[in-house]
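All remarks here apply to the structure that follows.
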Amino acid sequence: SEFFTGYSLGSSSSSAATSIGAPVALSNSSPAASSTTALPTAASSSGPSSSPHDGASYRDGEVASSLRAWSAWLQSEYAAQMAWMSTAEGASDITRGHWIGSAWPQWTPPADVAKVSGETSFDFLDTNSDNEITQDEFLQGYGLASTAPSPSPLPARNASSGVPAPVAAPTTQPVFPTTAAPTPAVPTQPPPSPAEVQASVEAWSSWLAAQYTEEVAWQTYSGLDPSISESSWETSLWPNWTSTGDIQKVG
């Protein structure tokens, strides 16, 4: 009854209308895996720790650079386990023939990297030289791009003598505490007068009557509940109406 009293306040009330898949072979065009759970890389694998290829000229030269670039590409395409499944194609190990004929040709190196032969790359990954690449050996290769050493910066040289220029000692700048600017006080608005409240509710009533009949308005606002709570009115129902003209909408 209180709602209907408000509904009828407007003078212009009128009736209105109511209203997941198998692994695929490696490919340069394959999208990178975005939701596969990442598995341990070479650093946490249990593969062999020694290698017949431990010579500095082998590990740090052209072959290592080529395999690190391959590793970077592989990591951009697949998580570790998916990379293994796609490369091994369901096999327990990767044979030399499969690596040379199918897996290694899938990768195209960037312009500044020389791609070594399939034979050479296979020998690099086959660390125990048993003529097969195990999953552990493959994961070691997969992680090469993550474990590549970063070169140390060279000291600057004196232009005239070629002797490294002295490095200036770091200086510590004093830190001064900052003081936040005071937040300006927001002026409080005086409460609306009874006349302003009356005008605002009457304008809402006229708007409501133009949208719904009396019964449909109640059903729409109450959701067929026996009453409308104050919180529902303030947060959901009253904000639906926007005042027009010179009528000031009260809170």
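With hydrogens and angles disregarded, no donor-acceptor distance shorter than 3.5 Å links the side chain of Ser86 to the backbone of Ala83. Side-chain atoms of Trp104 come within 3.5 Å of backbone atoms of Val116 as a donor-acceptor pair (strictly under, hydrogens ignored). Although no hydrogens or angles enter the test, the distance criterion places no donor-acceptor pair under 3.5 Å between the side chain of Ser205 and the main chain of Val201. Checking side-chain atoms of His98 against main-chain N and O of Thr87 turns up a donor-acceptor pair under 3.5 Å. Under the 3.5 Å distance criterion, the side-chain polar atoms of Ser66 are left unmatched by any main-chain donor or acceptor of Glu62. Side chain of Ser200 to backbone of Val250: a donor-acceptor contact under 3.5 angstrom is found.
The distance from the CD1 atom of Ile133 to the CG atom of Asn128 is 10.5 Å, given to the nearest 0.5 Å. How far OG of Ser117 is from CG of Asp123: 8.0 Å, rounded to the nearest 0.5 Å. Separating the CD1 atom in Ile247 from the CH2 atom in Trp207 is a distance of 15.5 Å, to the nearest 0.5 Å. Summarising the geometry, atom CG belonging to Asp136 is positioned 9.0 Å from atom OG1 belonging to Thr127; distances are rounded to the nearest 0.5 Å. In this structure, Thr95 OG1 and Asp126 CG are separated by 11.0 Å, a value rounded to the nearest 0.5 Å. Interatomic distance, Ile94 CD1 to Thr134 OG1, rounded to the nearest 0.5 Å: 9.0 Å.
Residue Pro192 comes nearest to Val197 through the heavy atom pair CG-CG2, 4.0 Å, listed as atom of the first residue, atom of the second, then distance. Here the closest non-hydrogen pair linking Phe138 and Leu74 is CZ-CD2, 3.6 Å.
Note that Lys249 lies in the cation-pi zone of Trp238, set by a 6.0 Å cut-off to the ring centre and a 45° limit from the axis.
Of the options Phe124, Trp70, Trp107, a ring-ring contact (aromatic ring centres under 6.0 Å, His included) to Trp99 is made by Trp70 and by none of the others.
Residues Gln140 and Leu125 form no side-chain contact, since every pair of their non-hydrogen atoms from C-beta on lies 4.5 Å or further apart. Proximity of Ser121 to Lys115: side-chain heavy atoms (C-beta onward) are nowhere separated by under 4.5 Å.
No hydrogens or angles considered: a donor-acceptor pair under 3.5 Å links the side chains of Ser71 and Gln75. For the 3.5 Å distance criterion, the side chains of Gln135 and Gln81 qualify, holding a donor opposite an acceptor.
In summary, Arg96 and Glu132 do not engage in a salt bridge, as defined by a charged side-chain N under 4.0 Å from a carboxylate O.
For Gln248, the CD atom sits in a loose shell: 12 or fewer heavy atoms of surrounding residues, nucleotides or ligands are nearer than 6.0 Å.
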